[in-house]
Peer 1: 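To start, I am sharing the structure in question, which I have written as structure tokens.
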Amino acid sequence: MSKIIIGIVSHGHYEYISKNEELLKIAELNNVYVVIKDNIKEGKLENYVKTHELEYVTTNEILGFGENNNFIFNHAKQKLNANNEDWFIIFNPDVVITLDEFKKLIVSLTAQNGAFFAPNLFKSEELVESENSVRYFPKLTNLFNPFLMKPINSPYNKDMLNEGDIVEWASGAFLCIKCSAFELVSGFNEKYFMYYEDVDLCYRLNKANISLRFLKNISAVHKGEYKNRSIFSKHFLWYLNSLTRFLFTKR
């Protein structure tokens, strides 16, 4: 059976991680490894991770989202002997998936024909309100959308999608990618410090003929803070900078 490496980047996210009881259950599954990259050397997080026998890694310097995930991937290769047939799961600290749903995910990764998948994200545990987590690639005209009170990226209508349908890109909060595919495109582009690393990754994989498939029947909850939504916030400015970088450098 292939290994499954769950990579989580924490930037002061101890509360989310320590309250995620499902994650500890998932970590007990055979061939599943949870690697938590502590971006700010949070002492209580280190104690928690080591107490529960998860993988704890850190660096002296603060890294961006993409660079942190690349670090986790390289750790998995060097220390956990991850190979091309294994799976790398990019997993936000504010995402929760139940043990039963994760077992279904394992079956889907094994049964589906592909190397890149995105589960179905919802905004709450009731699984009523779906998150717009699968979207179309942005265009230059999208730069004006915030000022027109429109979303920057057009979402797919999930109700119209079927299990395994191909989508252009999905939220980096929860992505499943075969190690061989991640390595083929050299992982995340580390020029993106925050925002649009996931869009860029999906775009480069798409150009390499590796399609992203939507796992409609695999549900998870993303308790996102969405700090980039206000056009007056610094997070929005960072977001806009990354969007501009993507639009003018992707080709």
Side-chain angles (χ1 to χ4, degrees), residues 1-40 42-58 65 68-69 72-73 75-76 80 82 86-112 116-134 158 163 170-179 182 198 213-226:
M1 178 182 172
S2 299
K3 296 187 187 74
I4 297 177
I5 313 298
I6 301 174
I8 302 175
V9 177
S10 175
H11 193 92
H13 292 103
Y14 167 78
E15 293 298 328
Y16 277 125
I17 294 170
S18 63
K19 292 178 180 178
N20 192 343
E21 297 179 0
E22 295 296 324
L23 184 64
L24 295 180
K25 298 175 187 177
I26 290 168
E28 294 178 359
L29 295 173
N30 289 334
N31 293 311
V32 174
Y33 300 84
V34 176
V35 182
I36 296 178
K37 167 63 169 62
D38 187 351
N39 207 26
I40 60 171
E42 195 175 13
K44 57 185 178 181
L45 176 63
E46 180 179 6
N47 292 335
Y48 176 85
V49 172
K50 292 182 176 179
T51 297
H52 291 90
E53 299 182 337
L54 309 177
E55 288 277 322
Y56 177 87
V57 293
T58 189
F65 176 82
N68 270 312
N69 276 288
I72 293 173
F73 180 77
H75 173 85
L80 303 177
D86 294 330
W87 289 92
F88 181 40
I89 295 184
I90 299 151
F91 194 87
N92 266 24
D94 58 353
V95 167
V96 176
I97 183 170
T98 66
L99 176 62
D100 288 341
E101 284 296 297
F102 194 84
K103 288 179 178 178
K104 285 169 54 180
L105 173 63
I106 294 175
V107 172
S108 292
L109 295 180
T110 303
Q112 292 264 5
F116 194 24
F117 298 94
N120 194 359
L121 297 182
F122 290 81
K123 292 185 177 181
S124 68
E125 295 172 358
E126 291 75 25
L127 304 181
V128 174
E129 187 178 0
S130 180
E131 182 175 81
N132 289 328
S133 54
V134 287
K158 287 182 177 180
E163 178 74 0
S171 167
F174 196 164
L175 292 171
C176 310
I177 181 169
K178 192 163 278 191
C179 289
F182 193 77
D198 47 3
R213 296 185 179 275
F214 179 52
L215 297 179
K216 185 175 183 176
N217 298 330
I218 307 297
S219 301
V221 178
H222 182 209
K223 303 174 180 180
E225 297 180 25
Y226 310 109

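These numbers were taken from a predicted model, which means no experiment stands behind them.
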Peer 1: Which distance, rounded to the nearest 0.5 Å, do you find between the NE2 of His13 and the NE2 of His11?
Peer 2: 8.0 Å
Peer 1: Using the side-chain contact (heavy atoms from CB on, under 4.5 Å) rule, take Glu15 and Lys44 through it: C-alpha gap first, then chi angles, then the decisive distance, then the call.
Peer 2: CA-CA 10 Å; Glu15 293 298 328; Lys44 57 185 178 181; 4.2 Å; yes
Peer 1: For the OG1 atom of Thr98 and the CD atom of Glu125, what is their distance to the nearest 0.5 Å?
Peer 2: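 CD of Glu125 is found 10.0 Å from OG1 of Thr98.
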Peer 1: Using side-chain heavy atoms (C-beta onward) and a distance below 4.5 Å, is Leu80 in contact with Val35?
Peer 2: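 They are in side-chain contact.
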Peer 1: Between Asp38 and Ile40, is the side-chain contact (heavy atoms from CB on, under 4.5 Å) condition met? List the steps.
Peer 2: CA-CA 6 Å; Asp38 187 351; Ile40 60 171; 3.9 Å; yes
Peer 1: Run the side-chain contact (heavy atoms from CB on, under 4.5 Å) check on Asn20 and Leu24 step by step: do they pass?
Peer 2: CA-CA 7 Å; Asn20 192 343; Leu24 295 180; over 6 Å; no
Peer 1: Look up atom CG in Leu45 and atom OH in Tyr56, then write down how far apart they are to the nearest 0.5 Å.
Peer 2: 6.0 Å
Peer 1: To the nearest 0.5 angstrom, please state how far the CD atom of Glu46 sits from the OH atom of Tyr14.
Peer 2: 12.5 Å
Peer 1: Could you walk me through whether Ile72 and Phe91 pass the side-chain contact (heavy atoms from CB on, under 4.5 Å) check?
Peer 2: CA-CA 11 Å; Ile72 293 173; Phe91 194 87; over 6 Å; no
Peer 1: Can you confirm whether Glu53 is buried at CD, in the sense that more than 12 heavy atoms of other residues, nucleotides or ligands lie under 6.0 Å from that atom?
Peer 2: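 No, CD of Glu53 has 12 or fewer neighbouring heavy atoms, counting only those of other groups under 6.0 Å.
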Peer 1: For the side-chain contact (heavy atoms from CB on, under 4.5 Å) test, which of Leu127, Leu121, Val95 pairs with Val221?
Peer 2: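 Only match with Val221 under side-chain contact (heavy atoms from CB on, under 4.5 Å): Leu127.
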Peer 1: Could you check whether any side-chain heavy atom of Leu175 comes within less than 4.5 Å of a side-chain heavy atom of Phe182, counting everything from C-beta outward?
Peer 2: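 When only atoms from C-beta onward are counted, Phe182 and Leu175 do not touch, as no gap falls below 4.5 Å.
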Peer 1: Between Glu131 and Lys158, does at least one N-O distance fall below 4.0 Å, as a salt bridge requires?
Peer 2: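 Salt bridge between Glu131 and Lys158, a charged N being under 4.0 Å from a carboxylate O: no.
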Peer 1: Is the closest side-chain heavy-atom distance between Ser133 and His222 below 4.5 Å?
Peer 2: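 They are not in side-chain contact.
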Peer 1: Would you give the length of the straight line joining atom CG of Leu99 to atom CG of Leu29, rounded to the nearest 0.5 angstrom?
Peer 2: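 If I round to the nearest 0.5 Å, the distance is 5.5 Å.
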Peer 1: What residues, two or more places apart in sequence or in another chain, satisfy side chain to side chain contact (heavy atoms under 4.5 Å, CB included) together with Glu163?
Peer 2: Ser108, Gln112, Leu215, Lys216, Asn217
Peer 1: Calculate, to the nearest 0.5 Å, the distance between atoms CG and SG belonging to Leu105 and Cys176 respectively.
Peer 2: 4.5 Å
Peer 1: Any idea which heavy atoms bring Ile17 and Tyr48 closest together, and the distance?
Peer 2: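 Reported closest heavy-atom pair: O-OH, 3.7 Å.
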Peer 1: Is the closest side-chain heavy-atom distance between Asn120 and Phe214 below 4.5 Å?
Peer 2: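 Yes; the side chains approach each other to less than 4.5 Å.
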Peer 1: Determine the minimum heavy-atom distance between Ile218 and Ile97, stating which atoms define it.
Peer 2: CG2-CD1, 4.1 Å
Peer 1: Provide the closest heavy-atom pair for Asn69 versus Phe88 in the form atom of the first, atom of the second, distance.
Peer 2: O-CZ, 3.6 Å
Peer 1: Indicate yes or no: at least one non-hydrogen side-chain atom of Ile89 is less than 4.5 angstrom from one of Phe102.
Peer 2: yes
Peer 1: If every non-hydrogen atom of Phe116 is compared with every non-hydrogen atom of Trp87, which pair is closest and at what distance?
Peer 2: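 Between these two residues, the closest heavy atoms are N-CZ3, 4.4 Å.
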Peer 1: What residues form a salt bridge (Lys or Arg N to Asp or Glu O under 4.0 Å) with Lys25, not counting sequence neighbours?
Peer 2: Glu22
Peer 1: Please report the shortest heavy-atom distance between Gly12 and Glu42, naming the atom on each side.
Peer 2: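 Nearest heavy atoms, Gly12 then Glu42: CA-OE1, 3.5 Å.
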Peer 1: Please report the shortest heavy-atom distance between Ile26 and Val32, naming the atom on each side.
Peer 2: O-CG1, 3.6 Å
